[in-house]
Each structure stands twice: as C-alpha cells, then as structure tokens.
Amino acid sequence: GDKTVSGVTATPAITTTDSTQRMAWWEKARFGMFIHWGIYAVPAQGEWYMSNGHVPLRQYEGYAKRFDPARFNADQWVKSAKAAGMKYLVITSKHHDGFCMFNTKATQYNVVEATPWHQDPLLALRKACRKYGVRFCVYYSIMDWHSPDQQAADTNALHPTYNPTHFMPGKKQAYITYMKTELKELIEEYHPGLIWFDGEWMNGWTEQDGQALYHYLRALDPALIINDRVKGVGDYETPEQRIPSNGLPGHDWETCMTINGSWGYDAGDHNWKSTETLLHNLIDIASKGGNYLLNVGPDSTGVIPLPEEQRLKAMGAWMKANGQSIYGTSASPFTRQLPWGRCTLKSCKGGTLLYLNVFDWPKDGKLEVPGLENHISEAYLLKRNLFGYHKRLKIHQDNQSVIVDVPQSAPDKISSVIVLKI
Ligand code: FHN
C-alpha cells in the first residue's frame, strides 16, 4: 500500500494484478545467485571466448570432450548461495555457444552425451535447491552460435565472427521449434521458478517472436516468471552491471552483476569487487525496490573461485544479522538520496518500519533524517545485545528533520541498521 509520511511518499513495487501473485516470492527475495558455467570454463577466458577468440565451430566443440568437472558438488554451491543470504539461483542452461548444460533430447551437444563427465548439473542443482530451500531458476540464450538454423555474422572470414548471428534463410521456425522443445523440457523436468532469457539481440528475432514465446511458456506454467530479455514483454527489467539512479519506479527490476569483470570463468580476471562494495550495492538496490543477481563463474573442475566464495561468506554474515532490512522490503519513501546511507520500508503490525542502513556513521552521534516529521513511535539499533535485546535510541524533532541519538561507534563497519517504527 502507499505509505505516506509527510514530505515523503512510499513507492510500492507496483505490478499488474495478474502478476502480483506470480512475483510475490521474487519481490521478497531481493538477492539471488547467477551462475555462468559451461565448456567455456575449459579455455578459461570467459563465456564469449568462442566469439572473441574467433574459434571455429569444430575446434570449440573439442572443449566439450575436455569438460570433466570432478570437483563439482551441487550441494556445496547451493549451500554457498544460501549462506550468502541468496534466495534464488539462476544457472546457464544454454549460453550463446549453444552448449546445453542439461540432458536435452533436442541435441546431442549436451553435457551428458558430449562430455566424458556424463552428468547433468542442472538436475543435481534442482535437487540441492529443493533440499536447501533455494528457488531453482535457469538462464537460456536465444542467440545460439552452434545451431544449424543460425548463421555466424561472417562465415566467409578465416575466423567467423559469431555476434550477432542471424537466421539461416527459411530456418527461423525450425529454430523456434528447437527452442520450444528445450524450454518445455526445462519447465517440465527441472521446474524453474524463472527463465532468464538473453541473446535476444540476434538479427531476425522480433518483439512479436518474444511475445509469442512468452505466451507459449505462460500456458505451460502460469507461475513461471520470465524476464524482459525474451523481447517485447517480460515480468521484470534487467539492468546489467549498473544500478539505475532512481530505480525503475512502477516496475519490478533486477540488477545482475559480476564479482570480478567476467561472467564465465576467466583465469586472468582478478579484478574482484570488495565485500563492502557488493553489500552496499545490495542495500542500494533494495532501497530502490530492486533485486540483486550476483554472479559466480565456476572453473572447469566445478569449483567456485575462492575470492568469490570468500565474498559470499562475508555477505552472508552481514545478511544473517541485518537481512530483515533487505528481504520483503520496498523502496525508500524518501524522494531524495540520504547523505549517510540508504533506507528501505516494510509494513508491520500497526504501522511501518523504516530501515536506515547507515554507511557513514555520524561522528557526533547525531543521525539526521531529513524530511521526516516526528511520527516515530520507536527507534532502535537492529543489532541485538548479548541478552538478545535491541538497543533503543532517543530521537527529537529538529525543524523538518528527526535527529536520532546514536552510539559513538558504528555497530557494523560496512553498514549499521537503525529501525524507526512509524
Ligand atoms: O552476452 C551476455 C553475457 O555473456 C552475460 O550472459 C550477460 C549476463 O547478463 N548477458 C549478456 C550481455 O548482456
């Protein structure tokens, strides 16, 4: 509902009536794990290597024969996601290279038949997600550099460029039938909570094609969430590697981001973002009413790189103590950015909770909350003391602001949460 505190207006995550139910779990989740994993982990130069490296098709297929991830452990991946505070997991079922990481009957170019490993990681992950209470979801690329129905941009060149492909003459419908076969398998055998489309920019794929595919999938599973990259339609928007400065009011949206600079495993990319940056991103995104889909790129042995695991663990420690300021919240009611941090909002019995995530703790012990008249019935630190109690805080009105008297030192070095009950 629309919570108006004088001078500020809540911007609830508005969705159309028919999608409210469908989006409910996703809007509450706020935080998910993206996984880019495929045979591109063998050359270990990222998921675009086939195109960027101008690798001829037959040579690239050779990486499938070398894909044998002996250390893969689905439970370990899902437990890492859960421990980080992530509520859903989106894994690449088929990236642009066309290699299928699930046991599809639509092509033999898949992880069970074309590798010496002969295992289905998506089946294992779906089971592990069910076991640990994480929502299993899949990524699927419309652009397909391996499909005989699509053609690389320039096959005459010594080293063809694969992006963007276009349909071979008269083959578009054949490819759509191929996609529908695989998507039906994914829905009926792997039961994803959402399908994260990508590669919609290939030549010849139109908004009408996207809408037709969306409705075909909607008929197969009315609860299935589908992102906006199917083209021309979608249940939520997907800004990438950036946070829209004012969020996307009136829309569901999710920022996806890498921890280093690469989605798929790149052995040479050590440009890891700090845990502080990642947590501030999560808090900033939630304060704007969005979700954060944070990516890991496992290597060819089936292991998530240690720097990524370490950051996930550290984020989980913060989320364990402060997650209620993220989960199930909606965007900040303040019409302008707060100088010291971010705010999220949650309805509660008898009123509204404002969660103030304070990045820059006031040196003078006075936290000013501009534009908030004094409707506050309670103020306390979210962090509990040894006896399990929250520390209550004193407040007073100062013109158009509320001043909260806070302890001299910040309870948490990355972000400390103060709760105001209105
Ligand atoms: O080309 C892909 C890229 O490899 C990666 O999958 C990202 C993730 O959002 N999507 C595309 C680039 O926008």
Side-chain angles (χ1 to χ4, degrees), residues 26 31-55 60 63 81 86 88-102 121-122 137-147 150 152-153 160-166 179 186 192 194-203 205 210 225-232 234-244 248 252-269 271 273 278 281-282 285 290-299 304-305 308:
W26 183 89
F31 192 25
M33 177 183 272
F34 214 169
I35 304 176
H36 279 69
W37 197 41
I39 57 174
Y40 40 77
V42 175
Q45 296 179 64
E47 75 290 355
W48 268 73
Y49 179 60
M50 179 174 165
S51 185
N52 295 341
H54 298 290
V55 182
Y60 188 85
Y63 292 122
M86 295 162 154
Y88 60 111
L89 176 154
V90 182
I91 178 151
T92 45
S93 65
K94 185 192 78 154
H95 204 266
H96 310 329
D97 63 356
F99 188 76
C100 296
M101 291 295 282
F102 64 106
L122 265 59
C137 307
V138 296
Y139 164 112
Y140 189 92
S141 176
I142 295 165
M143 180 166 67
D144 186 324
W145 298 334
H146 188 269
S147 168
Q150 294 188 27
T161 55
Y162 294 99
N163 178 58
T165 58
H166 51 261
M179 268 205 298
L186 284 167
L194 75 83
I195 297 182
W196 211 98
F197 280 98
D198 206 8
E200 79 286 7
W201 62 85
M202 70 163 288
N203 294 317
W205 181 259
I225 295 174
I226 300 165
N227 77 349
D228 64 346
R229 298 196 189 186
V230 69
K231 199 169 190 174
D235 294 323
Y236 70 90
E237 300 195 29
T238 55
E240 177 172 321
Q241 301 284 33
R242 64 182 180 87
I243 302 168
L248 296 170
D252 281 312
W253 60 277
E254 167 200 80
T255 277
C256 57
M257 207 176 271
T258 52
I259 295 181
N260 56 2
S262 181
W263 300 98
Y265 181 64
D266 178 346
D269 183 340
N271 183 26
K273 298 175 184 74
L278 298 171
N281 286 341
L282 172 61
I285 289 165
N291 283 16
Y292 194 28
L293 187 65
L294 187 58
N295 183 75
V296 295
D299 65 20
I304 294 173
E308 293 175 358

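In each ligand, atom 1 is the first atom listed, and ligand 1 is the first ligand listed.
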Atoms of ligand 1, numbered as shown, that sit under 4.0 Å from any heavy atom of Arg229: 9 (O), 10 (N), 13 (O)
Residue Tyr139 vicinity, atoms of ligand 1 by number, heavy atom under 4.0 Å: 6 (O)
Contact (N/O only, under 3.5 Å) between His36 and ligand 1: yes
Close side-chain approach of Ile35 to Leu89, heavy-atom, < 4.5 Å: yes
Under 3.5 Å: donor-acceptor pair, side chain of Asp269, backbone of Ser262: yes
For atom 11 (C) of ligand 1, closest protein heavy-atom neighbour: Asp198 OD2, 3.0 Å
Enumerated ligand 1 atoms positioned under 4.0 Å from heavy atoms of His95: 3 (C), 4 (O), 5 (C), 6 (O)
Check: Trp196 and Arg229 side chains under 4.5 Å, non-hydrogen atoms: yes
Anything under 3.5 Å between a donor and an acceptor, one on a side chain of residues 139-147, the other on a protein residue two or more places apart or in another chain? List them.
unit_1	atom_1	unit_2	atom_2	d
Tyr139	OH	His95	NE2	3.0
Tyr139	OH	Asp198	OD2	2.7
Tyr140	OH	Lys94	NZ	3.3
Tyr140	OH	Glu182	OE1	2.7
Ser141	OG	His96	ND1	2.8
Ser141	OG	Met143	N	3.4
Ser141	OG	Met143	O	2.6
Asp144	OD1	His146	N	2.9
Asp144	OD1	Ser147	N	2.9
Asp144	OD2	Lys94	NZ	2.8
Trp145	NE1	Tyr162	O	2.9
His146	NE2	Glu61	OE2	2.6
Ser147	OG	Asp149	N	2.9

Region of Tyr40 engaging ligand 1 - heavy atom pairs below 4.0 Å: neither
Contact check, Trp201 vs ligand 1, heavy-atom distance below 4.0 Å: yes
Subset of ligand 1 atoms that lie under 4.0 Å from at least one heavy atom of Cys256: 9 (O)
Distance from atom 9 (O) of ligand 1 to nearest protein heavy atom, with residue and atom: Glu240 OE1, 2.9 Å
Those atoms of ligand 1 less than 4.0 Å from some heavy atom in His96: 1 (O), 2 (C)
Contact check, side chains of Lys273 and Thr258, non-hydrogen atoms, under 4.5 Å: yes
Region of Glu200 engaging ligand 1 - heavy atom pairs below 4.0 Å: neither
Contact check, side chains of Val138 and Phe102, non-hydrogen atoms, under 4.5 Å: no
Asp97/Tyr60 under side-chain hydrogen bond (donor to acceptor under 3.5 Å, both in side chains): CA gap, chis, key distance, verdict: CA-CA 9 Å; Asp97 63 356; Tyr60 188 85; 2.6 Å; yes
Atoms in ligand 1 with a heavy atom of Trp196 nearer than 4.0 Å: 9 (O)
With Thr238, the side-chain hydrogen bond (donor to acceptor under 3.5 Å, both in side chains) member among Thr255, Asp228, Asn227, Asn291: Asp228
Sub-4.0 Å atoms of ligand 1 with respect to non-hydrogen atoms of Trp48: 1 (O), 2 (C), 3 (C), 4 (O)
Min side-chain heavy-atom separation Asp266-Tyr49 under 4.5 Å: no
Ligand 1-proximal atoms of Phe197, by part, heavy-atom distance under 4.0 Å: neither
With sequence neighbours excluded, residues passing ring pair (Phe, Tyr, Trp, His ring centres under 6.0 Å) with Trp263: Phe34, His36
Min N/O separation Glu47 to ligand 1 under 3.5 Å: yes
